[in-house]
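Everything on this sheet refers to the single structure shown next.
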Amino acid sequence: MAYETILFETEGPLATITVNRPKALNALSPLVVGEIAAAVAAIRDSDQVRAVILTGAGDKAFIAGADIAAMSQMTPLEGRFFSRQGQDVLFALENLPQPVIAAVNGFALGGGCEIAMACDFIYAADNAKFGQPEINLGIIPGFGGTQRLSRRVGKGWAMELCLTGGIISAEEAKAIGLVNRVFPAAELMAAAKKAALGMAAKGRVATRAVKELINGGFDMALERAIPMESEHFATCFASPDQAEGMKAFLEKRKPNFVGGLNK
Ligand code: DAK
């Protein structure tokens with residue numbers, strides 16, 4: 001598929017989605033959201049892709065939010081479609097079987113912060129900035145921000161960011177647990193690639209199980225969530241990767257994980 005507003009590249013087991021509207025600070029128009037949805041669907045169905053990086057083009061922005069110019073013209077029905085489209089793509093991203101890193105290389109505001117939070121974890125450049133400034137536009141986060149932010153950083157910080165519309169630095173975002181690691185801007189992509197390729201080399205069944213357990217168990221009572229681990233643990237023993245991982249350890253060599261999701 002030909003894309004107009006994103007770059008979708010694969011290199012070995014790694015897929016990179018780059019939102020590519022640097023003049024508009026990579027703002028999310030309906031077309032961008034649709035193209036991200038198409039790329040995510042292609043990744044989900046790919047046997048080759050084992051890890052994903054989501055980033056923004058240029059050195060100023062990851063994604064500066066939903067496209068305010070496009071939103072200002074929307075009819076209520078178009079707004080509803082945009083909202084559904086955005087929420088669906090964030091769920092699809094979050095539920096990919098492959099691990100996804102958000103490499104945040106500048107402003108991650110509003111929908112940009114929300115899409116980063118739908119990734120498994122966030123690496124940031126030292127010039128990155130985060131916020132949910134929707135309140136300044138007379139609206140609220142609409143792609144899950146009130147919910148994913150409070151789950152990531154706790155109620156107090158979610159309240160402060162959503163109620164003040166304030167913007168925080170990469171270091172502050174790291175201190176509150178929104179960002180895992182901060183890198184000099186020039187080193188961000190190399191660090192994200194190294195982490196992504198490391199995860200791509202792990203067993204697929206175990207990787208998928210970790211994602212399903214952490215995402216699925218997050219809001220459940222511990223007494224119900226912990227037993228789910230036993231089921232996924234058992235499934236790992238149905239994959240050739242479990243035998244290979246343990247054999248490799250005993251033979252003092254690196255494992256070569258080859259199991260697919262169906263074998
Ligand atoms: N949308 C459209 N264009 C944007 C944009 C955005 N979000 N952010 C920046 N741009 C454009 C600017 O208009 C400008 O375009 P030109 O004037 O050059 O044509 C260009 O990018 C460069 O921006 P600036 O000149 O403003 O650059 P500065 O360095 O001075 O400022 C900034 C950078 C990031 C502080 C500033 O651009 C800014 O405040 N941008 C808006 C940030 C923001 O408010 N983001 C939140 C958007 S609201 C929903 C679901 C989700 C959402 C809504 C509804 N439903 C469920 C219905 C999500 C809402 C949002 O994300």
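Because only heavy atoms are used, hydrogens play no part in the values below, and waters and symmetry mates are left out as well, while side chains stay in. Remember, it's 1-based here, ligands and their atoms both numbered in the order they're listed.
- In terms of protein heavy atoms, atom 44 (O) of ligand 1 is closest to Pro133 CG, 3.6 Å.
- At distances below 3.5 Å, not a single donor-acceptor pair connects side-chain atoms of Asp120 with backbone N or O atoms of Ile101.
- At a 4.0 Å heavy-atom cut-off, ligand 1 touches Ala27 through the side chain alone.
- A salt bridge links Glu244 with Arg253; the closest basic N to acidic carboxylate O contact falls under 4.0 Å.
- Within 4.0 Å of atom 13 (O) of ligand 1, not a single protein heavy atom is present.
- Residues Ile115 and Ile63 approach most closely at CG2-CD1, 3.5 Å, considering heavy atoms.
- With a 4.0 Å heavy-atom cut-off, ligand 1 is reached by no atom of Ile167.
- Of the protein's heavy atoms, Leu25 CD1, 3.7 Å lies nearest to atom 9 (C) of ligand 1.
- Distance remark: protein heavy atom present below 4.0 angstrom from atom 61 (O) of ligand 1.
- Residues Glu231 and Pro227 fail the side-chain proximity criterion, which asks for heavy atoms closer than 4.5 Å.
- The Gly65 neighbourhood of ligand 1 comprises atoms 61 (O), with distances under 4.0 Å to a heavy atom of that residue.
- Counting only heavy atoms, the protein never gets under 4.0 Å from atom 40 (N) of ligand 1.
- Within the 4.0 angstrom cut-off, atom 55 (N) of ligand 1 has one or more protein heavy-atom neighbours.
- For atom 53 (C) of ligand 1, the closest non-hydrogen atom of the protein is Met71 SD, 3.5 Å.
- For the pair Val19/Thr5, no side-chain contact is recorded, criterion being any heavy-atom separation below 4.5 Å from C-beta on.
- Between Gln87 and ligand 1, not a single N/O pair is under 3.5 Å apart.
- Using a 4.0 Å cut-off between charged side-chain N and carboxylate O, Lys211 and Glu94 make no salt bridge.
- Here the heavy atom of the protein found nearest to atom 28 (P) of ligand 1 is Lys60 NZ, 3.6 Å.
- Close approach to Gly111 involves these atoms of ligand 1, each under 4.0 Å from a residue heavy atom: 60 (C), 61 (O).
- At under 3.5 Å, not a single nitrogen or oxygen of Phe143, backbone or side chain, sits near a nitrogen or oxygen of ligand 1.
- For the atom pair CG (Leu149) and CZ (Phe130), the distance works out to 11.0 Å, reported to the nearest 0.5 Å.
- Checking only distances, Ala64 does come within under 3.5 Å of ligand 1, N or O to N or O.
- Scanning the protein for heavy atoms near atom 58 (C) of ligand 1, the closest one is Ala66 CB, 3.5 Å.
- Those atoms of ligand 1 with a heavy atom of Ser83 less than 4.0 angstrom away are 55 (N), 56 (C), 57 (C).
- Using a distance-only test at 3.5 Å, with no hydrogens or angles considered, no donor-acceptor pair links the side chain of Glu187 to the main chain of Pro184.
- Within the 4.5 Å cutoff, the side chain of Gln85 has heavy atoms near those of the Pro30 side chain.
- Of all protein heavy atoms, the one closest to atom 38 (C) of ligand 1 is Leu109 CD1, 4.8 Å.
- For atom 34 (C) of ligand 1, the nearest protein heavy atom lies under 4.0 Å away.
- What sits closest to atom 16 (P) of ligand 1 on the protein, heavy atoms only, is Lys23 O, 4.9 Å.
- Between Phe82 and Phe143, the gap from one ring centroid to the other is short of 6.0 Å.
- Taking a cut-off of under 4.0 Å to the non-hydrogen atoms of Gly142, the atoms of ligand 1 that pass are 49 (C), 50 (C), 51 (C), 56 (C).
- Using a 4.0 Å threshold on non-hydrogen atoms, atom 48 (S) of ligand 1 counts as touching the protein.
- Of the N and O atoms on the side chains of Ser169 and Glu172, at least one donor lies less than 3.5 Å from an acceptor on the other residue.
- Taking 4.5 Å as the limit, some side-chain heavy atom of Leu93 sits within range of a side-chain heavy atom of Val100.
- Ring pair Tyr123/Phe183: centre-to-centre distance below 6.0 Å.
- Checking atom 24 (P) of ligand 1 against the protein gives no heavy-atom contact under 4.0 Å.
- Between Glu114 and Pro141, the closest side-chain pair of non-hydrogen atoms falls below 4.5 Å.
- Among all non-hydrogen protein atoms, the one lying nearest atom 11 (C) of ligand 1 is Ala24 CA, 4.0 Å.
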